[in-house]
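Convention: sequence-line order gives letters A, B, ...; per-chain numbering from 1.
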2 protein chains.
Amino acid sequence: MASDDTRPLTLRDVSEASGVSEMTVSRVLRNRGDVSTATRERVLSAAKSLGYVPNKIAGALASQRVNLVSVIIPSLRNMVFPEVMSGISAVLEETELQPVVGVTDYLPEKEERVLYEMLSWRPSGVIIAGLEHTDASRAMLKASGIPVVEIMDVDGTPIDAMVGISHRRAGRKMAEAILKAGYQRIGFLGTKMPLDHRARKRFEGFTGALAKGGVEVADQQFYSGGSALAKGREMTETMLAREPDLDFLYYSNDMIAAGGLLSLLEKGVDIPNQIGLAGFNGVELLEGLPRQLATMDACRTEIGRKAAEIISERVNSPEADTPKVVELTPKISYGDTLRR
Amino acid sequence: MASDDTRPLTLRDVSEASGVSEMTVSRVLRNRGDVSTATRERVLSAAKSLGYVPNKIAGALASQRVNLVSVIIPSLRNMVFPEVMSGISAVLEETELQPVVGVTDYLPEKEERVLYEMLSWRPSGVIIAGLEHTDASRAMLKASGIPVVEIMDVDGTPIDAMVGISHRRAGRKMAEAILKAGYQRIGFLGTKMPLDHRARKRFEGFTGALAKGGVEVADQQFYSGGSALAKGREMTETMLAREPDLDFLYYSNDMIAAGGLLSLLEKGVDIPNQIGLAGFNGVELLEGLPRQLATMDACRTEIGRKAAEIISERVNSPEADTPKVVELTPKISYGDTLRR
DNA sequence: CTGAAAGCGCTAACAC
DNA sequence: GTGTTAGCGCTTTCAG
């Protein structure tokens with residue numbers, strides 16, 4: 001296992017150690033072409049005993065192929081994205097492709113930089129969150145000539161393909177369920193929007209559907225940063241102090257909704273009769289809460305799977321006629337906090 | 001911005017478009033060496049209007065330098081690791097280096113595969129969670145000739161350098177605090193251990209210190225999979241049904257502790273007098289809970305920062321005398337669930 | 001300040 | 001089944 005230690009091992013070293021040509025060593029190491037079992041064994045044992053690790057940089061340059069898929073997401077701290085990643089990984093693990101993540105922190109310029117870095121490694125495909133990008137990012141993606149799947153959202157026009165849910169429709173659907181249950185004085189609590197297009201679209205769908213029912217959002221409040229659970233608690237208390245007669249609170253994500261739920265339960269509020277609650281996402285966390293929170297599943301894992309499948313198919317057969325738009329349908333769950 | 005579209009752009013294209021030699025174009029694009037402002041402008045505008053993105057594969061092969069740092073962690077779904085990543089990113093953003101994550105799912109063989117893949121890209125350094133690796137992984141890391149920092153844990157011997165906390169000491173410290181507060185009938189709830197060496201070490205430290213105080217763990221239970229909050233709830237209820245006179249519950253992580261807390265509060269148990277509780281990690285989530293949970297900070301972000309600093313220094317000056325062992329000291333917070 | 005030549009370590013394509 | 005020959009697209013090095 002010891003080596004020269006001043007220079008990384010190359011194919012040539014394995015070739016010399018095994019007395020087999022570089023080319024054949026290369027064949028063995030990649031399982032390509034026919035090689036006799038005898039030489040294969042010799043090569044393999046030489047490679048192993050030297051501790052040789054192939055140089056993919058050189059391999060990629062020579063073969064003009066890189067089995068990487070860039071996955072560009074806003075954050076890893078928002079549970080949603082690790083779940084999308086799981087879906088992607090699960091599918092790619094069955095293939096030659098490997099995901100590589102880049103994080104944008106919800107900043108368009110950072111997205112642009114990350115994308116540039118990623119593309120400079122000539123990946124086989126790109127999966128990128130959202131439909132909103134800078135012009136430069138868009139141009140790079142178009143010019144890249146590789147499959148691009150925009151995920152999470154389908155309210156817009158994709159550069160190439162998109163997989164996600166309609167957040168506008170999701171907001172609308174929740175508004176309809178709320179109105180149908182007879183709630184009338186509705187408050188909205190969410191993240192600051194310029195950063196989060198999907199939350200904004202949900203909000204638009206939500207208020208639009210309420211308006212159709214002749215109802216307006218009675219109060220609204222936005223936050224940024226901090227522990228979501230604590231924020232949810234705090235915002236809920238502030239809002240109810242300001243507007244004590246609200247009978248429903250719609251939160252832009254489940255974590256703040258959970259904070260609100262805990263706070264209201266402590267105060268002895270009758271949920272869902274005195275006040276109803278709903279969040280968004282269907283995060284696993286919810287399962288341990290004292291009440292099952294009403295929410296809507298964002299199909300996170302499924303989005304990841306689908307996106308990865310599209311990339312994978314396209315990589316294997318560039319002519320493949322893969323879908324350009326995959327719209328998944330989020331299911332509403334009423335839980336214990338929204339009357340039916 | 002339009003291109004041939006059948007072949008990615010190369011330096012030569014920019015060279016031709018700008019009438020400047022490839023070499024000078026390369027200099028401009030990398031800000032290396034002196035280039036007159038005039039030619040610099042010409043090159044830059046040509047590159048931009050073509051939409052040229054440099055090929056790092058070729059660059060890396062030629063320069064024998066890759067500005068990537070492999071970060072190998074067990075999972076992205078355990079909040080802990082995204083936080084470590086933040087620390088790493090924060091430091092690396094100030095440098096030329098870029099983190100690339102690989103996920104092992106707590107499986108040693110998968111770690112080995114991921115490591116192999118990673119090393120085949122010839123990164124500038126490796127940050128890897130834990131001190132337990134297969135022999136082959138160890139050998140690869142040693143043979144790689146690049147800086148390696150093992151993180152999270154310092155109870156063991158590093159291959160090269162390590163940054164973390166002593167989980168054994170952490171377990172011991174918590175046991176001491178619990179005994180000092182007068183609790184005597186102590187239950188332990190945790191993850192299944194073969195998978196999680198650090199949880200195991202905490203457990204060992206914990207039981208060791210209890211033993212020194214003449215106390216044994218009165219009951220214990222382990223889980224794997226599922227929603228941690230729900231599991232915490234469920235395990236707590238099971239354990240108390242079995243051993244109703246327990247007066248303290250020590251959980252191997254904050255999420256299951258939070259589940260236990262919610263469950264006990266609902267039952268009207270007097271916390272921390274009838275039963276005390278403690279978790280581990282100091283996750284942000286805790287801030288919104290009805291009571292502040294006793295826990296111990298695992299210094300996650302700081303671990304990431306330190307590890308990244310070591311790598312960065314070593315990359316810039318290979319002779320640098322960076323620390324081989326950085327032990328951070330977790331702080332205990334008593335919150336409202338552990339008497340002082 | 002700019003250019004020309006020679007590879008980096010591997011693989012495609014073709015011979016044998 | 002195995003070996004030989006050219007590069008992949010850049011950067012290093014050395015000349016001007």
Side-chain angles (χ1 to χ4, degrees), chain A residues 3-4 6-44 46-47 50 52-67 96 117 119-124 144-145, chain B residues 3-4 6-44 46-47 50 52-67 96 117 119-124 144-145:
Chain A
S3 77
D4 185 306
T6 156
R7 171 185 60 77
L9 294 159
T10 71
L11 216 41
R12 163 175 241 104
D13 295 306
V14 182
S15 164
E16 283 169 0
S18 63
V20 175
S21 79
E22 284 188 46
M23 195 54 232
T24 301
V25 172
S26 168
R27 286 198 184 93
V28 172
L29 265 22
R30 285 177 300 141
N31 296 311
R32 283 258 188 297
D34 296 316
V35 180
S36 73
T37 328
T39 52
R40 153 166 282 114
E41 301 288 294
R42 289 205 5 237
V43 169
L44 251 22
L50 288 172
Y52 172 71
V53 176
N55 183 334
K56 286 217 173 163
I57 309 259
L61 183 62
S63 67
Q64 304 284 63
R65 248 177 307 105
V66 178
N67 291 325
E96 302 256 75
E117 289 292 332
L119 291 179
S120 72
W121 288 101
R122 300 286 186 266
S124 294
S144 71
Chain B
S3 78
D4 185 307
T6 157
R7 169 186 61 77
L9 294 161
T10 70
L11 217 41
R12 162 174 242 103
D13 295 307
V14 182
S15 165
E16 283 167 2
S18 64
V20 175
S21 79
E22 283 188 45
M23 196 51 235
T24 300
V25 172
S26 167
R27 285 196 185 94
V28 171
L29 263 24
R30 285 175 300 141
N31 296 310
R32 283 255 189 298
D34 297 318
V35 179
S36 73
T37 329
T39 50
R40 153 164 283 116
E41 301 288 293
R42 277 181 45 212
V43 169
L44 252 24
L50 288 172
Y52 172 70
V53 176
N55 183 333
K56 286 216 177 170
I57 310 258
L61 183 61
S63 67
Q64 304 283 67
R65 245 175 308 109
V66 178
N67 292 323
E96 302 256 74
E117 289 292 333
L119 290 178
S120 72
W121 288 101
R122 301 286 188 265
S124 295
S144 69

**Complete:** Atom CD of Q64(A) and atom P of dA6(D) are separated, to the nearest Å, by 19 Å

**Spacing of R32(A) atom CZ relative to dC10(C) atom C1', expressed in whole Å** = 13 Å

**Request:** Among dG9(C), dG9(D), dT2(C), find the nucleotide with the atom closest to the side chain of N55(B).
**Result:** dG9(D)

**Request:** Verify the contact: side-chain N or O of T24(A) to OP1 or OP2 of dG3(D), cut-off strictly under 4.0 Å; return yes or no.
**Result:** yes

**Prompt:** Quick one: L11(A) CG to dG3(D) P, roughly how many Å, whole number?
**Reply:** 12 Å

**Fill in**
Between CZ of R7(B) and C1' of dG9(D) the distance, given in whole Å, is 11 Å

**Prompt:** With sugar-phosphate meaning primed atoms plus P, OP1 and OP2, does R40(B) contact a base, only sugar-phosphate, or nothing at under 4.0 Å between heavy atoms?
**Reply:** nothing

**Request:** Looking at every strand, decide which applies to R122(A) at a 4.0 Å heavy-atom threshold: base, sugar-phosphate, or nothing.
**Result:** nothing

**Asked** Between L61(B) (CG) and dG7(D) (P), how many Å, whole number?
**Response** 16 Å

**Prompt:** How far does CG of L44(A) sit from OH of Y52(A), to the nearest 0.5 angstrom?
**Reply:** 12.5 Å

**Prompt:** What's the CD-P distance between E22(A) and dA6(D), to the nearest Å?
**Reply:** 15 Å

**Spacing of CG belonging to D34(A) relative to CZ belonging to R40(A), to within rounding of 0.5 Å** = 8.5 Å

**Complete:** To the nearest angstrom, the CG-P distance between L29(A) and dT2(D) comes to 15 Å

**Asked** Nearest-Å distance, CG (L9(A)) to C1' (dG9(C))?
**Response** 12 Å

**Message:** By the 4.0 Å heavy-atom rule, please label D34(B) as base, sugar-phosphate, or nothing.
**Reply:** base

Check: protein-nucleotides 13-16 of chain C nitrogen or oxygen pairs below 3.5 Å:
none

**Prompt:** In terms of side-chain heavy atoms of A62(A), which of dT2(C), dT2(D), dG9(C) is nearest?
**Reply:** dG9(C)

